[in-house]
Structures are given as structure tokens and as C-alpha cells.
Protein chains: 2
Amino acid sequence: MEPSARILSSTQFPSLFPLPNLNRSNVFPVWPKKPKATKSMRLHCSKMYVPGFGEASPESKAARNLHNFFTYVAVRIVTAQLESYNPEAYQELMEFLDRHSLNDGDKFLASLMRESSRHKSLALRILEVRSAYCKNDFEWDNLKRLAFKMVSESNTRLMREYVTETSPSDTEK
Amino acid sequence: MEPSARILSSTQFPSLFPLPNLNRSNVFPVWPKKPKATKSMRLHCSKMYVPGFGEASPESKAARNLHNFFTYVAVRIVTAQLESYNPEAYQELMEFLDRHSLNDGDKFLASLMRESSRHKSLALRILEVRSAYCKNDFEWDNLKRLAFKMVSESNTRLMREYVTETSPSDTEK
């Protein structure tokens, strides 16, 4: 594998939603606590009980992973900007990316800051871009709309495919 | 590795944000197209140019990954419900989970539907729960708030840690 291929292979990228395993050995120590939670939740809200997130909520898990995603996006933005007007810094950042994983965005940035003073400037810029991207550019409403659409369309598609596959067809396929 | 450990190891879970590599061989074939896009985007909006997402937007990438996350959550919800009142179905679902990855939620559900008629009922229920969870239960505003908070706090923490580490301290550490 060439060194550059290490950076962000699609399987490697964010350890996104690094959730606890759903397997039994892992599940049992957590779920016996459930009845209490279920009872109190049923009294106070109509939401479905989601087990297995420990102290964190599903929302905070999702936010943690979006956080790493925003770091990735910020790195791409800065890299693209540097490529145009500062080829030297671009090279340095790309070399650093060859050697460090972006799976954990904060860890990546902490290492980048400590590499050299030039790298530190790049890291500060990525911090700034990450914050601006998350707060101004990322289209939250669009995310929600797309996720709704994806769930509806996937559900329809999965059911349609199943029915098509299991029904005897007129044309004998 | 015991079979059950295969289901949802933290590295295995969602192939979340399965993004294109950031390495150079991959970057160059995409980025030469950039100047045109940059120019037109600069004319029409003030957002930063995010390269490397091809035809998809960062929002649709994030939605795709939330989609898999919602499937994971729906599976957890249904499993927890079954555990209480239908131990047999619970066993069947857990056994199926031992054998199939949840990385790709839709693929998982398509396989579940085709396993047996009982599994099909479970799959239909997971589809329903996934849709209800995404549309009613998941707290989108909370996600946004948490992500904002995480970015601000991480940025502050990273800078504070760097400064603390590199400044000569009064107490000689």
C-alpha cells in the first residue's frame, strides 16, 4: 500500500458512531438496568426507550461523530485553499496527513499543533474553519430533510424489492 | 474472536462517512475541476468551498451515515422490546445479528427480510421504528446544539492544552 493510501481509506475514516457492541456478552451487563429506566421514561415521555448508550444519548453520539466529520471537512477546505496560494504549506499538510489518521479529529489537531510552528498555524486555521463550517456553512435543515427522505425512500425501496422478488411475476421474470 | 463479537465492534460499525481518500493520487483527479466551481460559488454564495465530495454534498454524506445510525438505534429499540415480551424472537434476532453486520443498515434489513417469514416481521418492525425514531424521537435541535458546543469546547481545550504544555510554568510543572 502506498503511504498516502493510509490517510483516509473509506473503511478507516471516522470511527464513526463507535458504539458499544450489540452482542450478548456486552448487552446483558447493561440491559438489566432497563426496567427502571423504562418505567420512569414511560411516565414522563412518549419516546421509545433506546438502550445501550450508557450515560450518553444517541444525539451526543451522533454529535461526536459529526464533530469528527467537521474536522475532516475543515481539513479538506484548508488543503484546497492552500493548494492554490501556498504550495509549500500544502505539501507540508499533505505529508502530515500521510502520517496521521483523521479518525479522531481532535487527536489529529493536537499532533498537528505540536509538529512545528508552521504546522501549528495550519492547525489553528483548521480549528477556525471547523468552527465556522459547523456554525455557518453546514446546512442543518438540509441534513434533517435528507435524512427524512432517505429513511422514507429506503423503507419503500426495501419493501418494494422484497415484494417484487417474492411475487410470481406475469412474465416469469 | 467469539462469533458474537463480530456484530458491532466499534471499528466495524457504521462505515460512517465513508469518504473519498484525502491522499494525493485521489485528490488530483478531482481538484483540477475546482477553479470553475470556486468561481461560480464565489459569485453566488459566501460559503467555503468544500472539495472532494463529488456530486454528493457534505450534508448528504452526513445524512447517509445518520441513516445507518438510525438503523442501529432501531435495532436496539426492537431488541430491547422483544427481550421483555418475546424471548423467542429476541433470540432469533440476536442470532441473526451474530451473523450479519449492521454497517450497512439497508443491506442488513434486506437480508433479515429474506431469512424467514418471522424474520421478515422483525425487519418490517425495524423499518417502522427507524422511520418513527428519525421523524419523531431523534432530537435534531439537540444534535445541533451539542455539535456546536463540542466544536467550541474542543477548540478551546486544544488551544489551552497546547499553551499550558508549551509555556514555562511558575512551578516548573
Side-chain angles (χ1 to χ4, degrees), chain A residues 4-5 7-11 13-19 21-25 31 34 47-52 58-60 62-63 65-67 69-70 72-73 76-77 80 83 94 97 106 109-110 113 127 130-131 133-135 137 139-140 142-144 146-148 150-151 154-155 158 162, chain B residues 4-5 7-11 13-19 21-25 31 34 47-52 58-60 62-63 65-67 69-70 72-73 76-77 80 83 94 97 106 109-110 113 127 130-131 133-135 137 139-140 142-144 146-148 150-151 154-155 158 162:
Chain A
S4 59
I7 323 165
L8 263 195
S9 75
S10 55
T11 53
F13 180 55
S15 56
L16 295 158
F17 301 111
L19 299 162
N21 285 358
L22 245 188
N23 60 49
R24 270 160 280 191
S25 59
W31 291 6
K34 192 187 42 150
K47 291 198 174 179
M48 291 177 288
Y49 170 63
V50 186
E59 286 79 9
S60 76
N65 293 293
L66 272 179
H67 180 69
F69 179 65
F70 292 147
Y72 172 87
V73 169
R76 290 217 81 126
I77 291 173
E83 199 194 4
M94 291 310 282
L97 277 164
D106 285 349
L109 289 167
M113 276 183 178
L127 288 185
R130 175 170 78 170
S131 174
Y133 182 77
C134 163
K135 290 176 184 168
D137 284 15
E139 298 168 1
W140 292 91
N142 203 12
L143 172 71
K144 188 175 170 180
L146 288 168
F148 277 30
M150 222 168 261
V151 162
S154 295
N155 283 10
L158 283 166
Y162 176 78
Chain B
S4 59
I7 321 167
L8 264 193
S9 76
S10 56
T11 52
F13 179 55
S15 54
L16 295 157
F17 301 112
L19 299 161
N21 285 358
L22 245 189
N23 61 49
R24 270 160 279 194
S25 57
W31 291 6
K34 191 188 44 153
K47 292 197 174 181
M48 293 178 288
Y49 170 64
V50 187
E59 287 79 9
S60 76
N65 292 293
L66 273 180
H67 180 69
F69 179 65
F70 292 147
Y72 172 87
V73 170
R76 288 216 81 127
I77 291 172
E83 200 193 1
M94 291 310 283
L97 277 164
D106 285 351
L109 288 167
M113 276 182 180
L127 290 185
R130 174 169 80 171
S131 174
Y133 181 77
C134 163
K135 290 176 186 170
D137 284 14
E139 297 169 1
W140 291 91
N142 203 13
L143 172 72
K144 188 174 170 180
L146 289 168
F148 277 30
M150 222 169 260
V151 162
S154 295
N155 283 11
L158 283 167
Y162 177 77

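Since the structure is predicted, the reported quantities are computational estimates derived from the model, not experimental observations. Every chain is numbered from 1, with letters handed out A, B, ... down the list of sequences. We use all heavy atoms of the structure for the numbers below, so side chains are in, but hydrogens, waters and symmetry mates are not.
- The shortest side-chain heavy-atom distance between B/Ser154 and A/Arg130 falls under the 4.5 Å cut-off.
- Side chain of A/Glu59 to backbone of B/Glu139: a donor-acceptor contact under 3.5 angstrom is found.
- Counting heavy-atom pairs under 4.5 Å between each of B/Asn155, B/Leu109, B/Leu146 and chain A puts B/Asn155 at the top.
- Using a 4.5 Å heavy-atom cutoff, the side chains of B/Val50 and A/Tyr133 are in contact.
- Counting heavy atoms from C-beta on, the side chains of A/Trp140 and B/Leu143 come closer than 4.5 Å.
- For A/Tyr162, the parts lying under 4.5 angstrom from a heavy atom of chain B are both the backbone and the side chain.
- Contact record, B/Phe69 with A/Ala62: CE2-CB, 4.0 Å, taken as the closest heavy-atom pair.
- Contact record, A/Pro51 with B/Ala80: CG-CB, 3.5 Å, taken as the closest heavy-atom pair.
- Of the listed residues (B/Asp137, B/Val73, B/Val151, B/Ile77), the greatest number of heavy-atom pairs within a distance under 4.5 Å of chain A belongs to B/Asp137.
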